[in-house]
Amino acid sequence: MTTGERPGGEPSTARLPASSASSTYAAKRGSPALERALTAIRTNAGWLLPALVAIVGIVPSLWALRAQTFGIFGRDQGIFQYVAWAIRNGERTYRDIHEINGPLPHAWHFVMQLLGGEDEHVFRSIDTVMLTLAYTLAGATLPRWLGLELGTGKSRARGVVLWALAGLTMLGAQYTRYDWWHTAQREAFYSILVLTSVSLQAIGHSARDRRLALGAFLLAGITTSLTWFGKPPCAIFSVLQGAVLLLDRKNIALPLKHALGSAVAGGLAVGTSMLAFMLAYEDLGRGIEMLSKVPRLHHTIWNETLLGSYRAYNNAPRLDWAMASFAGFIAAFFLLKLPRRALLAAVLPTGGFLVFALQGKAFPYHLHMLTAGTAVAQLVILGATAQTLQNAHSKRPRLHDVLAVAAVFAALALGLKSGEDASKSPAVRGEWAKIGSTAEKRASRAYFERFAWGDYFANDLRDAAAYLTFHTRPDERVQTYGFDPYLLFLARRKSASPVMYSFELNVDAALEGGPGARPSAELKSWLRAYRDDAEQLVLRSVEASPPAAFTLHDRAPFTHPANAEEDFAKHCPALFEWMSARYTFAAAFGTVRIWLRHDVMARSTALH
């Protein structure tokens with residue numbers, strides 16, 4: 001009886017072993033060496049493909065991530081530095097500081113400052129460690145998303161490590177393409193929280209041990225629900241994660257109610273913690289009131305259409321790459337019949353796009369969730385390809401040979417792209433690690449001049465802060481008219497009133513709106529009334545306790561006045577009149593104009 005026949009000589013319909021079919025195919029081709037190579041690729045695809053990605057791209061990615069730690073802070077990071085410092089020194093957010101964000105970024109910067117993060121380099125270094133851990137976890141758990149077989153013992157450990165390195169390579173590289181203005185941003189922090197959450201959820205879906213699954217869902221609930229307290233639209237991610245859980249409920253080791261209950265418990269723990277933080281350092285009632293006004297106050301400012309957001313700030317290449325990768329993932333999901341939990345790879349890109357579109361500002365840092373999700377989708381496609389190759393059967397040997405070759409080239413291409421992205425990152429091209437290699441260099445004017453931005457002037461802020469530190473006392477306050485309370489942090493002086501953003505006192509940008517949203521007549525009336533109330537609030541505050549100084553900032557967003565004094569006089573006539581009668585122009589540092597109270601000016605003159 002020959003192979004492939006039943007007793008009696010009838011042809012067998014049973015599947016031939018892959019090795020047998022491959023041998024037959026190789027014999028027809030007469031290329032045994034090539035067949036051995038292709039067989040090796042198919043057999044070892046589970047660890048070979050991530051290894052190729054990491055070998056090519058890991059070093060540039062790590063180098064670029066390190067280089068980013070030498071960047072300075074931009075406006076947003078500076079705002080949260082001031083808020084965190086102020087509440088650490090007795091102020092209450094929303095009551096003493098009109099902040100337009102939820103409590104999470106305040107708590108994040110609060111904790112980072114306790115860890116030494118008042119220093120920009122230290123903050124960025126800690127932030128980079130957090131990113132690295134999140135990216136490594138995502139890569140390490142990726143085989144669980146697919147049920148990718150890695151063997152046991154050392155073989156499995158090798159595969160997990162290589163996928164972790166591949167994840168770090170690709171996720172790290174996409175992050176380094178953002179410049180200093182758009183990194184160490186709250187959206188980047190939220191992106192790693194959601195990424196960590198979906199990674200933990202993958203463990204919950206795939207774990208056979210019930211306690212491990214419960215713990216994973218609990219931690220997943222904690223990390224995803226944290227983002228709600230930064231930007232409420234981030235709840236979209238939790239909804240998408242819940243949808244994946246429902247779709248895959250029959251394949252988890254826990255009853256659905258236990259998995260959901262564990263995740264909800266995590267969310268409740270976060271809610272309790274955030275409430276405790278707000279009760280300790282913020283004003284809960286004023287917070288609810290302030291945050292309820294933010295959409296009306298801020299929504300129309302520079303609001304873009306979806307097409308405008310696509311075209312703005314060179315967002316198009318990132319969005320194109322994301323759409324292509326997402327389409328590839330959807331195709332792979334259906335064609336390769338991936339397990340339902342693999343849909344976790346759709347959470348970040350889908351939610352990221354929705355959050356980006358809903359905000360309507362088009363700022364590149366709003367794309368962090370989407371671009372991280374793009375890298376995840378690509379990793380899942382690569383993992384699914386490895387799984388397909390390892391499970392290849394005899395019916396289509398030629399197709400699997402082609403797929404094996406394509407997979408190798410795809411892995412190399414992803415590694416090369418990651419390496420190129422990292423090598424061309426702003427931090428590497430700008431030689432941040434070199435120009436900021438020591439604390440002395442990071443304090444120099446030349447260092448800050450390397451980080452130019454259209455309406456943000458780092459040296460002006462530092463020069464003005466040094467002047468205020470010298471000419472005012474630590475317990476004296478400063479009233480600003482601009483958009484950079486980071487000046488207050490640098491000077492270690494508190495705001496004289498709750499109003500620290502000029503767009504509360506000058507609502508012209510909101511009244512004008514943008515292509516994506518124009519204010520109604522009712523909203524215009526509300527904005528003008530809000531502005532009048534804000535001016536009166538500042539006036540009452542400074543009358544009750546006159547600050548040592550006013551700082552007026554030229555070219556401040558969102559209207560970019562060439563002369564801040566004229567703009568202040570035009571939009572806040574009562575406040576400007578009060579200031580002019582009691583304060584003297586003292587100095588100007590580039591775009592920052594400083595007025596000192598008469599007695600402070602006299603005291604300052606006496607010092608000289």
Side-chain angles (χ1 to χ4, degrees), residues 46-47 50 129-130 132-165 167-168 171 190-229 234-235 237-276 338-348 376 379-380 383 387:
W47 65 264
V129 170
M130 293 168 59
T132 300
L133 292 174
Y135 295 161
T136 302
L137 175 65
T141 60
L142 188 131
R144 289 177 173 270
W145 301 35
L146 300 163
L148 178 60
E149 180 56 49
L150 297 176
T152 59
K154 292 182 179 180
S155 176
R156 177 171 180 76
R158 175 187 61 187
V160 170
V161 168
L162 289 171
W163 278 109
L165 292 176
L168 177 56
L171 285 158
Y190 306 160
S191 75
I192 63 172
L193 287 173
V194 177
L195 178 61
T196 300
S197 182
V198 294
S199 301
L200 291 164
Q201 186 174 343
I203 295 175
H205 279 256
S206 59
R208 297 299 95 190
D209 182 280
R210 293 169 64 91
R211 286 182 297 179
L212 176 59
L214 278 171
F217 282 120
L218 175 69
L219 294 174
I222 289 173
T223 45
T224 192
S225 58
L226 272 169
T227 62
W228 308 348
F229 297 89
C234 286
F237 297 106
S238 303
V239 172
L240 293 170
Q241 289 176 260
V244 176
L245 178 58
L246 288 172
L247 287 171
D248 195 44
R249 62 188 180 277
K250 294 182 180 180
N251 299 310
I252 60 177
L254 298 171
L256 178 62
K257 63 180 181 180
H258 291 171
L260 281 173
S262 187
V264 169
L268 290 173
V270 167
T272 302
S273 299
M274 285 289 99
L275 178 61
L338 302 185
R340 290 182 177 181
R341 64 177 176 270
L343 287 171
L344 288 169
V347 170
L348 272 164
V376 169
L379 284 163
V380 170
Q387 184 180 50

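One-based numbering along the sequence shown.
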- For the student: nearest non-hydrogen atoms of Leu150 and Gly159, plus distance: CD1-C, 3.9 Å
- Residues forming a ring pair (Phe, Tyr, Trp, His ring centres under 6.0 Å) with Phe237, sequence neighbours excluded: none
- Message: Under a 3.5 Å distance rule, please check whether Thr272 uses its side chain to pair with a backbone N or O of Leu268 as donor and acceptor.
- Response: yes
- Message: Quick check: closest heavy atoms across Gly204 and Ala213, and the distance to 0.1 Å?
- Response: O-CB, 3.7 Å
- Item | Contact check, side chains of Trp145 and Leu379, non-hydrogen atoms, under 4.5 Å | no
- Nearest heavy-atom neighbours spanning Ile222 and Val270: O-CG2, 3.3 Å
- Non-hydrogen atoms of Tyr190 and Cys234 that approach each other most closely: CD1-SG, 4.2 Å
- Item | Heavy-atom check, side chain of Thr141 versus side chain of Trp163, under 4.5 Å | no
- His205: which of Leu200, Asn251, Leu254, Leu245 passes side chain to side chain contact (heavy atoms under 4.5 Å, CB included): Leu245
- Query: How many angstroms lie between CD1 in Ile192 and OG1 in Thr227, if you round to the nearest 0.5 Å?
  - Reply: 12.0 Å
- CZ (Arg156) and CG (Leu148) are apart, to the nearest 0.5 Å, by 9.0 Å
- Arg158, CZ: over 12 other non-hydrogen atoms inside 6.0 angstrom: yes
- Message: Are Gln387 and Leu338 packed together at the side-chain level, in the sense that at least one heavy-atom pair is separated by less than 4.5 angstrom?
- Response: yes
- Query: Any donor-acceptor pair under 3.5 Å linking the side chain of Gln201 with the backbone of Gln241?
  - Reply: yes
- Pairwise distance OH(Tyr135) to OG(Ser199) - rounded to 0.5 angstrom: 11.5 Å
- Output for pair (Ile252 CD1, Arg208 CZ), nearest 0.5 Å, gives 8.5 Å
- Does atom CZ of Arg211 have more than 12 heavy-atom neighbours, drawn from other residues, nucleotides or ligands, at distances under 6.0 Å? no
- Message: I need the minimum non-hydrogen distance between Gly221 and Ser225, along with the two atoms involved.
- Response: O-OG, 2.6 Å
- Tightest non-hydrogen contact, residues Leu195 and Ala138, listed as CD1-CB, 3.7 Å
- Message: Looking at Ala259, is its backbone amide N or carbonyl O close enough to the side chain of Ser262 to form a donor-acceptor pair, meaning the two atoms are under 3.5 Å apart?
- Response: no
- Is there side-chain contact between Pro339 and Arg144, with at least one heavy-atom pair below 4.5 Å? no
- Here the gap from Leu260 atom CG to His258 atom NE2, rounded to the nearest 0.5 Å, amounts to 10.5 Å
- Message: Assess the residue pair Asp248 and Leu344 against the criterion (side-chain contact (heavy atoms from CB on, under 4.5 Å)); give the C-alpha distance rounded to whole Å, side-chain angles, the decisive distance to 0.1 Å, and a yes or no.
- Response: CA-CA 10 Å; Asp248 195 44; Leu344 288 169; over 6 Å; no
- Message: Is any side-chain heavy atom of Trp47 closer than 4.5 Å to one of Val161?
- Response: no
